[in-house]
Amino acid sequence: MRSIRAAAVGAVTMSLALAASACGGGSSTGGGSNDSPKTLTYWASNQGASVEIDKKVLQPELDKFEKQTGIKVKLEVVPWNDLLNRILTATTSGQGPDVLNIGNTWSASLQATGALLPWDAKNFAKIGGKDRFVDSALGSTGAAGKDPAAVPLYSMAYGLYYNKKIFADAGIAKPPATWAELIADGKKIQAKGKQAIGAEGSSLNENVHHVFVFAKQHGADFFTSDGKPDFTSDGVVAAVKQYVDLMAKDKVVPPGNAEYAQNQSVSDFAKGRTAMLLWQTASANLKSQGMSQDTYGVAPVPVQSGTPGTGTQVNSMVAGVNVAVFKNTHNLDGATRFVKFLTSDEEQKILNKAFSSIPPVKTAQSDPAFNTPDNAVLKNTLATSAAALPQVPSESQFETTVGTAVKELFADAAAGRAVTTASVKAKLLKAQQQMPAK
């Protein structure tokens, strides 16, 4: 717990400093070169059940790239709770990898540092053109009106995963469509001795993703139209309280989940301990942990009422992973060739199948593997009822400050301390005060 908290605080401090430097003209990192044409370093985000599983997926593809190009790629798979802090430190020091994965929600924040290679028309042409990618994925590659800071790699959306046998044993005929139904179903499941729904209460990213969706469902946003933080509006406060109340008041999330931050809720679901899971494209993760695909179903994430759609019926953020190049790389040509390789039709099919994500490359989506019932739900969510997190320079600070506030509220709930409207608003006000002035 201490190391996670330290990383979160470090990320907040570093990102605030970066925001200030970005206002003055960007990072001090220089342009790239081709001084080291035979090597690349690559930071990959942890997409599967463990770092080791990701290495097993990625290494054969990196070996294939080396055979094709003669360029050796040194791989490091970085856990999500460490990734942002590692990247922010690298943008300041200039000592980063050549190529890296980033959460697509961080694109505008990292773009503002000036440390990443802009993907202008010339650079996109080197990898086959911008029009190869679906619009929803391109919408989370940086601030509007600027050249993208990264290229879409994996597309994802949240779904409600449910254990068919646990539901049947509890007499539940279909997955819940609203939060009230989820709570009612959760009570029936608990009466049969099972945990209802899992959460990752110490994961800053997961916290932000879910409270963003709840805010949309309450007709609220965390930022004003001109990009200023607005964390204490009635709608935002109600949204955060409703999410934390799944543990604090409704008691359908186990108190122990307040400490989860490393896929433990996925493991609980895979092992049949928990009946429901809110997760991004979890199929490969579940399979790697021994869960057969016919034992669970995937449904849209619940809404307040009605069915998922636009406006207050939003039920997912536009999730995904982008691949970026550090502008001061010593193998600029090789880095560009590597991005082209990762976003080729062949690799898009291989990698997105392995990680149960959806290819952001249009032509790769035609593969039958991406037309399963699970993916149909997720693809429909992306197309009809998902919203992109704010593409503003302070987005990464938003994730760390608000994510930490929600983490602290979960800790209160787990300890039996009251989670009230006033305490939620106080945490969110503190988070807002930690944001940069501009």
Side-chain angles (χ1 to χ4, degrees), residues 42-47 54 57-58 61 65 80 83-84 87 97-111 116-158 205 209 280-281 284 316-326 335-367 369-370 375 378-384 386-391 395-396:
Y42 176 40
W43 286 357
S45 50
N46 179 200
Q47 300 299 126
D54 280 26
V57 170
L58 292 169
E61 306 314 306
F65 177 73
W80 277 104
L83 186 59
L84 180 58
I87 295 170
D98 299 289
V99 181
L100 70 158
N101 289 1
I102 65 173
N104 65 353
T105 63
W106 307 335
S107 295
S109 294
L110 297 177
Q111 181 182 53
L116 301 184
L117 178 75
W119 286 87
D120 55 18
K122 181 180 178 181
N123 282 330
F124 262 112
K126 295 176 183 177
I127 63 169
K130 193 174 184 178
D131 60 356
R132 296 180 61 234
F133 300 90
V134 298
D135 291 340
S136 62
L138 287 171
S140 294
T141 54
K146 295 185 178 180
D147 290 324
V151 175
L153 184 62
Y154 311 127
S155 288
M156 293 172 274
Y158 277 89
N205 300 328
H209 296 170
Q280 304 175 44
T281 53
S316 178
M317 42 85 72
V318 176
V321 172
N322 296 339
V323 59
V325 173
F326 261 97
T336 306
R337 291 177 74 181
F338 187 50
V339 172
K340 182 178 181 179
F341 173 80
L342 292 174
T343 57
S344 66
D345 281 17
E346 179 185 0
E347 289 304 310
Q348 280 285 286
K349 293 174 183 178
I350 291 169
L351 296 175
N352 282 280
K353 284 178 189 176
F355 295 131
S356 69
S357 45
I358 299 166
V361 172
K362 297 173 186 176
T363 47
Q365 286 191 3
S366 62
D367 190 289
F370 306 111
N375 274 332
L378 303 176
K379 285 167 71 174
N380 186 63
T381 294
L382 280 175
T384 63
L389 265 73
Q391 291 291 302
E395 200 284 331
S396 64

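Computed from a predicted structure; not experimentally measured. Computed over heavy atoms, backbone and side chain alike; hydrogens, waters and symmetry mates excluded.
Asn352 has its side chain out of reach of Gln365: every pair of non-hydrogen atoms, C-beta onward, lies at least 4.5 Å apart. Using a 4.5 Å cut-off on side-chain heavy atoms (C-beta onward), Leu342 and Tyr42 make contact. With a 4.5 Å cut-off on side-chain heavy atoms, Gln348 and Pro360 count as touching. Side-chain contact between Ser155 and Leu382 is present, with at least one heavy-atom pair separated by less than 4.5 Å. When side chains are defined from C-beta on, Val151 counts as touching Val339, because their heavy atoms get closer than 4.5 Å. Side chains of Leu389 and Val318 form no contact here, defined as non-hydrogen atoms less than 4.5 Å apart. Counting heavy atoms from C-beta on, the side chains of Thr141 and Asn104 never come closer than 4.5 Å.
Atoms CG and OG1, from Asn322 and Thr105 in turn, are 9.0 Å apart once rounded to the nearest 0.5 Å. To the nearest 0.5 Å, atoms NZ (Lys126) and CZ (Arg337) are separated by 12.0 Å. Taking CZ from Phe338 and OG1 from Thr343, the interatomic distance works out to 10.5 Å, rounded to the nearest 0.5 Å. Separation of atoms CG (Leu83) and CG (Asn46) is listed at 9.5 Å; rounding is to 0.5 Å. Atom-to-atom distance recorded for Phe355:CZ and Met156:CE is 10.0 Å, nearest 0.5 angstrom.
Closest heavy-atom contact between Asn375 and Ser356: OD1-O, 4.2 Å. Across all non-hydrogen atoms, the minimal contact from Ala143 to Gln111 is N-OE1, 2.8 Å.
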Subject >> Evaluation steps, side-chain contact (heavy atoms from CB on, under 4.5 Å), between Leu110 and Ile87 >> reply: CA-CA 9 Å; Leu110 297 177; Ile87 295 170; 3.8 Å; yes

Original post:
After noting the C-alpha distance and the side-chain angles of Leu351 and Glu61, does the key distance pass the side-chain contact (heavy atoms from CB on, under 4.5 Å) rule?
Top reply: CA-CA 9 Å; Leu351 296 175; Glu61 306 314 306; 4.1 Å; yes

**OP:** Starting from the C-alpha separation in whole Å, work towards a yes-or-no answer on side-chain contact (heavy atoms from CB on, under 4.5 Å) for Leu100 and Phe326.
**Re:** CA-CA 8 Å; Leu100 70 158; Phe326 261 97; 3.6 Å; yes

**OP:** Check the pair Ile358, Leu378 against side-chain contact (heavy atoms from CB on, under 4.5 Å), reporting the backbone distance first and the verdict last.
**Re:** CA-CA 8 Å; Ile358 299 166; Leu378 303 176; 3.9 Å; yes

Original post:
Asp345 and Arg132: salt bridge (Lys or Arg N to Asp or Glu O under 4.0 Å), yes or no, with the steps?
Top reply: CA-CA 10 Å; Asp345 281 17; Arg132 296 180 61 234; 3.3 Å; yes

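Relative orientation of the His209 and Tyr158 rings is perpendicular, given thresholds of 30° and 60° on the angle between their planes.
Salt-bridge annotation for Lys353 and Asp367: present, with a side-chain N of the basic residue lying under 4.0 Å from a carboxylate O of the acidic one.
Panel note: side chain Thr281, backbone Ser357; no donor-acceptor pair is recorded below 3.5 Å. Remark: side-chain polar atoms of Asp147 are not paired, donor with acceptor, to backbone N or O of Pro118 under 3.5 angstrom. Ser107 places a side-chain N or O within 3.5 Å of a backbone atom of Ser140 that can act as its donor or acceptor partner. Checking side-chain atoms of Gln391 against main-chain N and O of Gly142 turns up a donor-acceptor pair under 3.5 Å.
Between Asn101 and Tyr154, the side chains place no donor N or O within less than 3.5 Å of an acceptor N or O (distance only, hydrogens not considered). Checked by atom type, the side-chain pair Ser45/Gln47 shows a donor-acceptor distance below 3.5 Å.
The aromatic ring centroids of Trp80 and Trp43 lie 6.0 Å or more from each other.
Around the NZ atom of Lys146, the shell of radius 6.0 Å holds no more than 12 heavy atoms that belong to other residues, nucleotides or ligands.
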